Number of protein chains: 2
Amino acid sequence: MVISKSPARKAKPVRMQPKAAAEMPADAPLDLGELADLLGYSLKRAQLRVFEDFLSVMNPLQLTPAQFSVLLLMEKNPGRNQTEIASTLGIQRPNFVAMLDSLESRGLCVRLRSVSDRRSHVLMLTDKGRATLVRAKKLVAAKHETRISALLGESNRVALVRMLAKVAREL
Amino acid sequence: MVISKSPARKAKPVRMQPKAAAEMPADAPLDLGELADLLGYSLKRAQLRVFEDFLSVMNPLQLTPAQFSVLLLMEKNPGRNQTEIASTLGIQRPNFVAMLDSLESRGLCVRLRSVSDRRSHVLMLTDKGRATLVRAKKLVAAKHETRISALLGESNRVALVRMLAKVAREL
DNA sequence: TATTGTTATACTCTATAACTATA
DNA sequence: TATAGTTATAGAGTATAACAATA
């Protein structure tokens with residue numbers, strides 16, 4: 001009977017080296033190959049960079065992209081319940097609970113028990129939430145979107161958003 | 001002395017309702033407001049959708065986008081060590097260990113102790129890894145990228161990737 | 001002293017099952 | 001019975017400190 005192979009991680013690496021390792025500069029940047037043409041790859045790298053910039057711009061208000069999107073949705077859709085707001089953003093209802101706890105404990109929004117259906121919580125921005133959102137929008141417009149627009153050109157930025165929305169919607 | 005406010009999540013929601021809740025269809029899709037113009041938002045939604053499609057196309061080979069990118073990099077850059085491959089992909093070295101364990105245990109690649117620097121492991125695709133990569137590339141090209149190209153048009157797809165790469169690189 | 005691969009750990013996101021109170 | 005909010009939990013993904021072997 002053959003002893004089953006131990007996990008690969010335990011087997012110590014051994015033997016042999018690629019033939020002509022001498023040709024490569026050794027410290028040259030790696031070749032991305034077809035990775036550079038893969039939409040998913042550039043999409044992911046760009047998304048990380050954009051969120052990073054958003055976070056740094058929003059630092060004074062301490063709002064994440066997800067929190068900002070929740071506040072925006074509450075403003076545009078007052079009177080909606082948790083399930084509606086969460087599902088619109090692709091957030092699972094259980095995961096939305098802690099998020100709302102955080103926003104509500106900071107006094108940015110409130111949960112009101114609905115009079116028409118006492119199971120559900122109607123979500124509303126507080127005055128502080130509205131004021132914070134005004135400041136947040138100004139920061140995003142002035143320091144974040146403007147920066148992207150300066151990089152790509154405004155018409156390209158708009159075209160980019162439109163294509164991404166189409167991919168998210170129709171792929 | 002005032003009792004400190006209990007966590008917002010414990011305070012039961014109460015009273016009051018938005019004035020004219022009667023006007024809204026109640027089941028209408030929510031208004032995204034400025035969210036629809038936020039690059040970060042469409043970027044994130046598109047990225048999730050594209051990865052989802054990639055995963056379903058790659059289902060027969062059981063390769064995640066991250067694993068596929070690692071195999072591609074090994075192919076184009078034979079003889080590089082873990083630190084080089086990981087950092088090129090933005091993966092922390094400690095997190096790369098389990099990933100390599102998985103690929104190596106599946107027989108797709110090997111770690112060879114470098115003869116020039118015995119601290120480092122040179123990464124190489126196995127024959128099975130090369131064969132798997134060939135099949136993976138064909139699947140991605142035929143079922144994934146083609147689908148995106150059909151949706152946007154090939155010239156738009158290329159323009160999209162170029163803009164995303166620029167954002168990732170220069171923002 | 002510095003670096004490579006590694007371990008351990010922790011924190012965030014995300015996903016699912018199940019409970020409660022209402023309907 | 002079905003739904004809204006919640007709890008508990010588990011799995012990815014990601015980040016940092018520290019160690020052994022090697023340079």
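All chains are named by letter (A, B, ...) in the order of the sequence lines, taking the proteins before the strands, and each is independently numbered beginning at 1. A quick note: this is a predicted structure, and the numbers were derived from the prediction, not measured.
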Can you tell me how far [atom2] of [N] sits from [atom1] of [X], to the nearest Å?
{"X": "A:Phe96", "N": "D:dA8", "atom1": "CZ", "atom2": "P", "value": "20 Å"}
{"X": "A:Leu48", "N": "C:dC13", "atom1": "CG", "atom2": "P", "value": "13 Å"}
{"X": "B:Phe51", "N": "C:dC13", "atom1": "CZ", "atom2": "P", "value": "17 Å"}
{"X": "B:Leu112", "N": "C:dT4", "atom1": "CG", "atom2": "C1'", "value": "15 Å"}
{"X": "A:Gln47", "N": "D:dT14", "atom1": "CD", "atom2": "P", "value": "10 Å"}
{"X": "A:His121", "N": "C:dA23", "atom1": "NE2", "atom2": "P", "value": "12 Å"}
{"X": "A:Ile91", "N": "D:dT6", "atom1": "CD1", "atom2": "C1'", "value": "16 Å"}
{"X": "B:Leu100", "N": "C:dG5", "atom1": "CG", "atom2": "P", "value": "9 Å"}

List in chain and number order the residues that pass side chain to side chain contact (heavy atoms under 4.5 Å, CB included) with A:Asp53, two or more places apart in sequence or in another chain; answer none if no residue qualifies. A:Arg49, A:Ser56, A:Val57, A:His144, A:Arg147, B:Leu171
Side chain to side chain, B:Leu39 and A:Glu145, heavy atoms closer than 4.5 Å: yes
Can you confirm whether A:Arg93 sits close enough to A:Gln82 that some side-chain heavy atom of one is under 4.5 Å from a side-chain heavy atom of the other?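 No; the side chains remain at least 4.5 Å from each other.
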For nucleotides 17-22 of chain D, read 5' to 3', which letter fits each nucleotide if B means a protein heavy atom sits under 4.0 Å from the base, S means only the sugar-phosphate is that close, and - means neither? B---BB
Please produce a list of atom pairs where a protein N or O lies less than 3.5 Å from an N or O of nucleotides 9-12 of chain C.
none

Between B:Lys76 and A:Asp31, which heavy-atom pair has the shortest distance, and what is it?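 Closest heavy-atom pair between B:Lys76 and A:Asp31: CB-O, 3.7 Å.
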Closest heavy-atom pair, B:Gly79 versus B:Val122, reported as atoms and distance to 0.1 Å, is CA-CG1, 3.5 Å
Heavy-atom donor-acceptor pair, [X] side chain to [Y] backbone, under 3.5 Å:
{"X": "B:Thr126", "Y": "B:Leu108", "value": "yes"}
{"X": "A:Lys44", "Y": "B:Phe51", "value": "no"}
{"X": "B:Gln62", "Y": "B:Asn59", "value": "yes"}

Less than 4.0 angstrom between a side-chain N/O of [X] and OP1 or OP2 of [N], yes or no?
{"X": "A:Thr83", "N": "D:dG5", "answer": "yes"}
{"X": "B:Gln92", "N": "D:dT14", "answer": "no"}
{"X": "A:Gln82", "N": "D:dT6", "answer": "yes"}

With nearest nucleotides of DNA chain D determined for B:Arg93 and B:Thr64 from heavy-atom distances, which residue corresponds to the more 5′ nucleotide? B:Thr64
Should the heavy atoms of other residues, nucleotides or ligands under 6.0 Å from CZ of B:Arg135 be counted, would the total exceed 12? no
